[in-house]
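Below is one structure; the comments refer to it alone.
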Amino acid sequence: MKTKKLLGLAIVLMCLAACKKENPVIEPTEPPPVEKPDPLESLRDSVSYVLDGKLMVQTETLGRGLINAKTNVKLDSLVKQKEYISGDQDSVMFGRFFKFTDGNRNGITLSFVKKYNKNQAQPASNQTSLFMPLNKLDLFSVGERKFALDFSRNNSQNGVVFELSGDNYGLQTNGYSSLVYHALLKPELQKQSKFEITNMQKLKSGKYLLEAKFNASVYRGDGTNIKKIENGFMRVKINPESIYF
């Protein structure tokens, strides 16, 4: 009798073991952590400033692109009121511009420009004659910038350039391009001005977040009709992997 009981118990244990093999117990596992999106990635490119006591906020991006121009331009001759110019052959004025507007069609174009020796630059691509610096982010290093008053004229100065549109069309920080008919602007026009890149931060996507603050004088290309820009702030994202970043 005792032997039968032991045999029955053995059979039961064997059945339980078989059930465990057929229906293994699945241990609960922790779900993989969900990576939270970087809130900085969702920030819109924008610019804001006060002009004539009015706050201007412009978040619509009309465009961005590259600038290439001759450097240290000089006048060679004037023939029938046409100016013939030349510049340095071994360097290039490189720049990046960002153009913003608002619902009222008022806007601003902000440009960063700097001279580079051509051995510090390379063609933007095989399909273009545009040059860009080997170090694309050099143009946006943190720190202060001067205003390039002779941009589009002599192109001898590194710095930033503003050009307004809409109700304030024609106001800018640089002078007219003519080497004959307009004098070079005096630096005193921007004596109380300041432009500073305060942040250049790499994001998870590989892009960079650029932030800057500024105040400046804007005027006609001959330095007249001066107005002041105050409490300026700009934010843009830059992608160094893109040709036109």
Side-chain angles (χ1 to χ4, degrees), residues 47 49 51-52 54 56 58 62-101 105-118 121 128-133 139 144-195 214-230 232 234:
V47 63
Y49 52 94
L51 180 65
D52 283 342
K54 181 180 179 181
M56 313 292 286
Q58 292 150 2
L62 286 182
R64 56 170 64 195
L66 305 183
I67 297 170
N68 269 195
K70 294 179 182 293
T71 62
N72 301 322
V73 173
K74 63 180 182 179
L75 179 69
D76 292 333
S77 62
L78 181 67
V79 180
K80 294 181 180 180
Q81 297 185 326
K82 183 175 181 180
E83 299 175 30
Y84 291 86
I85 61 174
S86 62
D88 288 351
Q89 299 300 311
D90 60 351
S91 63
V92 61
M93 173 67 78
F94 174 80
R96 288 283 286 105
F97 70 84
F98 304 90
K99 189 172 185 178
F100 296 91
T101 189
R105 302 182 69 180
N106 292 308
I108 187 171
T109 300
L110 303 99
S111 302
F112 297 76
V113 296
K114 186 175 180 179
K115 294 184 296 181
Y116 287 90
N117 191 287
K118 286 186 177 177
T128 178
S129 59
L130 289 172
F131 282 87
M132 65 171 54
L139 194 64
E144 293 187 19
R145 299 291 189 280
K146 294 183 178 181
F147 286 83
L149 302 182
D150 74 346
F151 175 68
S152 80
R153 177 188 166 97
N154 302 92
N155 288 338
S156 67
Q157 302 168 354
N158 301 332
V160 293
V161 182
F162 296 172
E163 182 179 354
L164 303 185
S165 57
D167 294 341
N168 297 294
Y169 174 78
L171 297 182
Q172 55 199 51
T173 58
N174 58 314
Y176 291 133
S177 60
S178 173
L179 295 168
V180 175
Y181 301 107
H182 295 282
L184 184 64
L185 294 179
K186 296 180 179 180
E188 286 77 12
L189 281 168
Q190 298 294 349
K191 187 176 181 180
Q192 303 300 320
S193 303
K194 183 178 180 180
F195 186 99
F214 56 87
N215 58 72
S217 295
V218 288
Y219 31 73
R220 301 294 180 191
D222 56 3
T224 61
N225 194 29
I226 301 172
K227 294 186 179 183
K228 291 292 294 184
I229 286 177
E230 303 286 352
M234 75 171 294

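Nothing here was measured: the structure is a model prediction, and the numbers come from that model.
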Would you please name every residue forming a side-chain contact (heavy atoms from CB on, under 4.5 Å) with [X], sequence neighbours left out?
{"X": "Val180", "answer": "Leu75, Leu78, Glu83, Ser178"}
{"X": "Asp167", "answer": "Asn106"}
{"X": "Lys146", "answer": "none"}
{"X": "Pro187", "answer": "Leu149"}

Worksheet item: Can you tell me if Asp150 uses its side chain to pair, donor with acceptor, with the backbone of Ser156 under 3.5 Å?
Response: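 It does hold such a pair.
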Worksheet item: Is the backbone N or O of Ser152 less than 3.5 Å from a side-chain atom of Asn155, with the two atoms forming a donor-acceptor pair by type?
Response: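 Yes, Asn155 side chain to Ser152 backbone: donor-acceptor pair under 3.5 Å.
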Discussion item. Taking atom OH as the centre, does Tyr169 end up with more than 12 heavy-atom neighbours from other residues, nucleotides or ligands that are less than 6.0 angstrom away?
Written reply: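 No, OH of Tyr169 has 12 or fewer neighbouring heavy atoms, counting only those of other groups under 6.0 Å.
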Worksheet item: Is Lys118 atom NZ crowded by more than 12 heavy atoms from other residues, nucleotides or ligands, each under 6.0 Å away?
Response: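 Yes, because the 6.0 Å sphere around NZ of Lys118 holds more than 12 heavy atoms from other groups.
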Discussion item. For a side chain to side chain contact (heavy atoms under 4.5 Å, CB included) check, start with the C-alpha distance between Val160 and Phe214, then their side-chain angles and the critical distance, and finish with the verdict.
Written reply: CA-CA 11 Å; Val160 293; Phe214 56 87; over 6 Å; no
Discussion item. Per the salt bridge (charged side-chain N to carboxylate O under 4.0 Å, His left out) rule, what does the pair list look like for residues 105-116, sequence neighbours excluded?
Written reply: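 Applying salt bridge (charged side-chain N to carboxylate O under 4.0 Å, His left out) to every pair that reaches into residues 105-116, excluding sequence neighbours, yields Lys114-Asp138.
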With sequence neighbours excluded, residues passing side chain to side chain donor-acceptor pair (under 3.5 Å) with [X]:
{"X": "Thr109", "result": "none"}
{"X": "Tyr219", "result": "Gln190"}
{"X": "Asp52", "result": "Lys227"}
{"X": "Ser217", "result": "Lys228"}

Practice prompt. Go through the steps for Phe131 and Tyr116 under the test ring pair (Phe, Tyr, Trp, His ring centres under 6.0 Å), then give the verdict.
Written response: CA-CA 10 Å; Phe131 282 87; Tyr116 287 90; over 10 Å; no
Discussion item. Using side chain to side chain contact (heavy atoms under 4.5 Å, CB included), reason through Leu164 and Tyr49 one step at a time and then give a plain yes or no.
Written reply: CA-CA 12 Å; Leu164 303 185; Tyr49 52 94; 4.0 Å; yes
Item to complete: Return the set of residues passing salt bridge (charged side-chain N to carboxylate O under 4.0 Å, His left out) with Arg145 (not counting sequence neighbours), or none when no residue passes.
Response: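 For Arg145 there are no salt bridge (charged side-chain N to carboxylate O under 4.0 Å, His left out) partners, ignoring immediate neighbours.
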Worksheet item: Glu144: what forms a salt bridge (charged side-chain N to carboxylate O under 4.0 Å, His left out) with it, not counting sequence neighbours?
Response: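 Here the qualifying residues are Lys194.
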Discussion item. Below 30° counts as parallel, above 60° as perpendicular, anything between as tilted: where do the rings of Tyr176 and His182 land?
Written reply: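 Tilted: the ring planes of Tyr176 and His182 meet at 30° to 60°.
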Discussion item. Considering only residues two or more places apart or on different chains, which pairs with a residue in residues 86-101 satisfy side chain to side chain donor-acceptor pair (under 3.5 Å)?
Written reply: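 Found Thr71-Ser91, Asn72-Asp88, Asp76-Ser86.
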